[in-house]
Amino acid sequence: MIEICCGSYEDGINAYYGGAKRIELNSALYLGGLSPSVSTLKLLKAKTDLKIICMVRPRGAGFCYDENEFVQMKEEAKDFLENGADGIAFGFLTKDFHVDMERTSEFVKQIHSYQKEAVFHRAFDITPNLEESIQTLISLHVDRVLTSGGEATAIKGQETIKYLQEHFGSHIEILAGCGINADNALEFKNYTHVKQLHSSCKSYKIDTTTSNGKVSYGYYPDNEMKYEVVNCDQVKKLILNTQ
């Protein structure tokens with residue numbers, strides 16, 4: 001399974017025409033991915049047959065949320081699940097970096113009440129003991145975990161990902177992501193034996209109205225007018241290279 005990380009309706013359409021079967025739908029990918037809009041989900045469900053996992057993340061930075069944020073996240077998950085989402089990606093940590101068992105359990109029960117998939121995202125990668133954390137997720141009935149093996153990229157974390165797949169892959173789905181592309185995916189898959197890969201397959205577009213004179217709304221230091229978008233041809237290449 002190749003899952004494409006998408007930040008917009010355009011991204012989802014490009015992933016679909018590139019041959020993807022499942023996407024993780026976000027907004028604000030430059031912040032690591034935030035909750036998308038319900039309208040984006042509804043449009044993609046109407047125009048494609050993609051399996052869509054919606055991110056529920058109300059802000060950037062970390063994953064230790066206050067009660068107001070948690071209330072918002074539960075409502076966002078409800079909106080997505082009632083409008084066609086096939087699953088929810090989320091992550092809850094305590095202040096000491098461990099999996100927040102109470103909130104994770106509550107979210108899993110909410111998602112499973114709709115018979116959808118509960119996916120713990122890469123908040124997992126900053127927990128202090130990945131083996132302990134994955135056992136916790138299994139005990140809480142999380143369906144899948146997205147991981148780079150506790151490293152900056154999945155390529156750097158491939159030894160850990162291989163270990164997680166070998167020891168826990170029969171109990172929870174291991175989705176390897178971050179830094180996976182058409183050039184390294186096949187070798188990575190063959191080495192780690194993971195059955196699912198997560199990739200952004202991104203390229204960049206330019207919007208010249210990003211800045212003018214003294215005012216700028218750019219967020220890429222090297223080229224403040226560019227924004228990332230899923231590249232349909234890169235999706236096709238990734239899928240072809242991993243068959």
Side-chain angles (χ1 to χ4, degrees), residues 1-7 22-35 53-65 69 73 87-105 107-108 111 117-169 171-181 184-185 187-189 191-202 228:
M1 170 63 73
I2 302 295
E3 177 181 277
I4 304 300
C5 183
C6 296
R22 189 177 80 205
I23 66 170
E24 180 191 85
L25 184 60
N26 304 257
S27 65
L29 290 180
Y30 63 95
L31 290 175
L34 302 182
S35 304
I53 308 300
C54 284
M55 174 66 73
V56 171
R57 187 171 176 233
R59 57 165 171 79
F63 312 101
C64 184
Y65 301 104
E69 291 169 325
M73 293 171 77
I88 301 294
F90 64 94
F92 296 107
L93 300 181
T94 61
K95 290 181 179 179
D96 59 356
F97 295 91
H98 289 87
V99 173
D100 185 328
M101 296 181 65
E102 181 178 350
R103 286 180 169 178
T104 299
S105 177
F107 239 58
V108 170
I111 296 163
E117 296 177 342
V119 184
F120 202 90
H121 59 49
R122 287 187 60 225
F124 170 79
D125 286 317
I126 58 173
T127 60
N129 185 315
L130 297 189
E131 185 169 355
E132 178 183 288
S133 295
I134 201 168
Q135 289 173 331
T136 297
L137 297 182
I138 291 168
S139 73
L140 296 174
H141 307 293
V142 171
D143 299 295
R144 183 161 60 249
V145 58
L146 172 61
T147 179
S148 61
E151 299 287 347
T153 68
I155 303 304
K156 292 181 178 179
Q158 65 179 0
E159 294 293 343
T160 298
I161 293 171
K162 181 179 181 181
Y163 177 85
L164 294 175
Q165 178 64 42
E166 290 175 349
H167 290 81
F168 303 104
H171 302 289
I172 188 171
E173 296 175 15
I174 308 296
L175 173 62
C178 193
I180 301 291
N181 57 50
N184 59 30
E187 182 178 358
F188 178 87
K189 183 189 78 166
Y191 182 74
T192 62
H193 303 294
V194 294
K195 298 176 175 61
Q196 302 187 41
L197 300 174
H198 174 96
S199 178
S200 62
C201 293
K202 64 186 175 187
E228 60 188 84

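Just the heavy atoms: all of them, side chains too, but no hydrogens, waters or symmetry mates, feed the values below. Here the structure is a predicted model, which means the values were calculated and not measured.
- Note on Glu173 versus Arg144: salt bridge recorded, some NZ/NE/NH1/NH2 to OD/OE distance being below 4.0 Å.
- Residues Arg57 and Gly33 come closest through the heavy atom pair NH1-O, 3.0 Å.
- Leu137 and Thr104 make their closest contact through CD2-CG2, 4.5 Å (heavy atoms, listed as atom of the first residue, atom of the second, distance).
- Classified by interplanar angle (parallel below 30°, tilted 30° to 60°, perpendicular above 60°), the ring pair Phe63/His121 is tilted.
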Applying side chain to side chain contact (heavy atoms under 4.5 Å, CB included), run through Ile174 and Val145 and close with a yes or a no.
CA-CA 6 Å; Ile174 308 296; Val145 58; 3.9 Å; yes
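- There is a side-chain donor-acceptor pair under 3.5 Å between Ser148 and Asp125.
- The backbone N or O of Thr136 lies less than 3.5 Å from a partner atom in the side chain of Ser139, making a donor-acceptor pair.
- Remark: Ile161 CD1 to Ile155 CD1 distance equals 8.0 Å, nearest 0.5 Å.
- Here the side chain of Thr127 pairs no donor or acceptor atom with the backbone of His98 at under 3.5 angstrom.
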One pair to check against side chain to side chain contact (heavy atoms under 4.5 Å, CB included): Val119 and Phe90. What are the steps and the verdict?
CA-CA 6 Å; Val119 184; Phe90 64 94; 5.8 Å; no
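- Shown here for Leu93 and Phe120, the closest heavy-atom pair between the two residues is CD2-CZ, 4.3 Å.
- Using modelled atom types and a 3.5 Å distance limit, the side chains of Tyr163 and Gln158 yield no donor-acceptor pair.
- Here NZ of Lys189 is found 7.5 Å from CG of Leu197. Values are rounded to the nearest 0.5 Å.
- Between Phe92 and Met73 there is a side-chain heavy-atom pair separated by less than 4.5 Å.
- Contact check for Glu24 versus Leu146: side-chain heavy atoms found under the 4.5 Å cut-off.
- At a threshold of 4.5 Å between non-hydrogen side-chain atoms, the residues Glu151 and Thr160 do not count as touching.
- To the nearest 0.5 Å, atom SG of residue Cys201 and atom CD1 of residue Ile4 are 4.0 Å apart.
- The environment of CZ in Phe97 is sparse: at most 12 heavy-atom neighbours from other residues, nucleotides or ligands sit within 6.0 Å.
- Of all the heavy atoms in Pro58 and Ser35, the pair that sits closest is N-OG, 4.3 Å.
- Within a 6.0 Å radius of CD in Glu102, no more than 12 heavy atoms belonging to other residues, nucleotides or ligands are found.
- The closest side-chain heavy-atom distance from Leu25 to Ile53 is not below 4.5 Å.
- Taking each heavy atom of Phe124 and Ile134 in turn, the nearest pair found is CE1-N, 3.7 Å.
- Side chains of Gln165 and His193: a donor-acceptor N/O pair is absent below 3.5 angstrom, by distance only.
- The closest side-chain heavy-atom distance from Tyr65 to Arg59 is below 4.5 Å.
- Between Leu29 and Cys5 there is a side-chain heavy-atom pair separated by less than 4.5 Å.
- Summarising the geometry, atom CG belonging to Leu34 is positioned 5.0 Å from atom OG belonging to Ser27; distances are rounded to the nearest 0.5 Å.
- The backbone N or O of Glu187 lies less than 3.5 Å from no partner atom in the side chain of Asn184, so there is not a single donor-acceptor pair.
- Put simply, CD1 on Ile23 and OG on Ser200 are 13.0 Å apart, with the number rounded to the nearest 0.5 Å.
- For the residue pair Thr147 and Arg122, no side-chain donor N or O sits within less than 3.5 Å of a side-chain acceptor on the partner.
- Closest non-hydrogen pair, Ala123 versus Gly91, comes out as CB-CA, 4.2 Å.
- For the atom pair CG of Leu175 and CZ of Arg22, the computed distance is 5.5 Å after rounding to the nearest 0.5 Å.
- Side-chain atoms of Ser105 never come within 3.5 Å of backbone atoms of Met101 as a donor-acceptor pair (strictly under, hydrogens ignored).
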